[in-house]
Amino acid sequence: MTWKVEIDEHTCIGSGMCASLMPELFELDGAVAHPLTETTPPDETVLDAADSCPAMAITVTDGAEIVGPRP
């Protein structure tokens, strides 16, 4: 099982919260962040990164179900 991680480049403000929490999954590229890989094994820290994004630009999905950010 893997999760898909997406960052909305139009919403991202480049705060770097995701990259500081999970540098193995996220990187800042200029003014926005990008996932280093499109999928990742389920990990609580991935959800923490999505939850911590001040712009709510990160979406984590498990198939068709959105698992992050959490409400």
Side-chain angles (χ1 to χ4, degrees):
M1 172 164 75
T2 60
W3 286 347
K4 183 174 181 179
V5 179
E6 297 177 295
I7 297 178
D8 182 338
E9 293 181 12
H10 302 288
T11 304
C12 179
I13 61 172
S15 74
M17 292 294 294
C18 57
S20 66
L21 282 169
M22 283 202 85
E24 65 275 16
L25 182 59
F26 300 101
E27 71 175 352
L28 283 178
D29 181 18
V32 296
H34 295 280
L36 295 171
T37 180
E38 196 171 288
T39 60
T40 186
D43 185 328
E44 186 71 19
T45 310
V46 176
L47 296 178
D48 291 343
D51 294 343
S52 298
C53 177
M56 302 299 284
I58 302 170
T59 303
V60 183
T61 54
D62 181 6
E65 180 184 356
I66 296 175
V67 293
R70 296 170 281 199

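It should be emphasised that the depicted structure is a prediction, and the values quoted were computed from it without experimental measurement. We number each residue from 1, following the sequence as shown. Quick note: numbers below take in every heavy atom, side chains included, and nothing from hydrogens, waters or symmetry partners.
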Under 3.5 Å, sequence neighbours excluded: what are the donor-acceptor pairs made by side chains of residues 1-14?
| residue | atom | partner | partner atom | Å |
| --- | --- | --- | --- | --- |
| Asp8 | OD1 | His10 | N | 2.8 |
| Asp8 | OD1 | Thr11 | N | 3.4 |
| Asp8 | OD2 | Thr11 | OG1 | 3.0 |

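- Here the shortest heavy-atom pairing between Gly68 and Ala50 reads C-CB, 4.2 Å.
- Pairs passing the side chain to side chain donor-acceptor pair (under 3.5 Å) check and including a residue from residues 62-71, sequence neighbours excluded, read Glu44-Arg70, Asp48-Arg70, Asp51-Arg70.
- Here Val32 is tied to no hydrophobic group at all, with no ILVMFWY side chain closer than 4.5 Å.
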Quick one: side chains of residues 54-61, donor-acceptor pairs under 3.5 Å with protein atoms, not counting sequence neighbours, listed by atom name and distance.
none

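- The two residues Phe26 and Ala49 have their closest heavy-atom pair at CE1-CB, 3.8 Å.
- Applying the salt bridge (charged side-chain N to carboxylate O under 4.0 Å, His left out) test to residues at least two apart or on different chains, none of the pairs has a partner in residues 17-29.
- Judged as a side chain to side chain donor-acceptor pair (under 3.5 Å), and not counting sequence neighbours, the contacts of Thr45 are Asp43.
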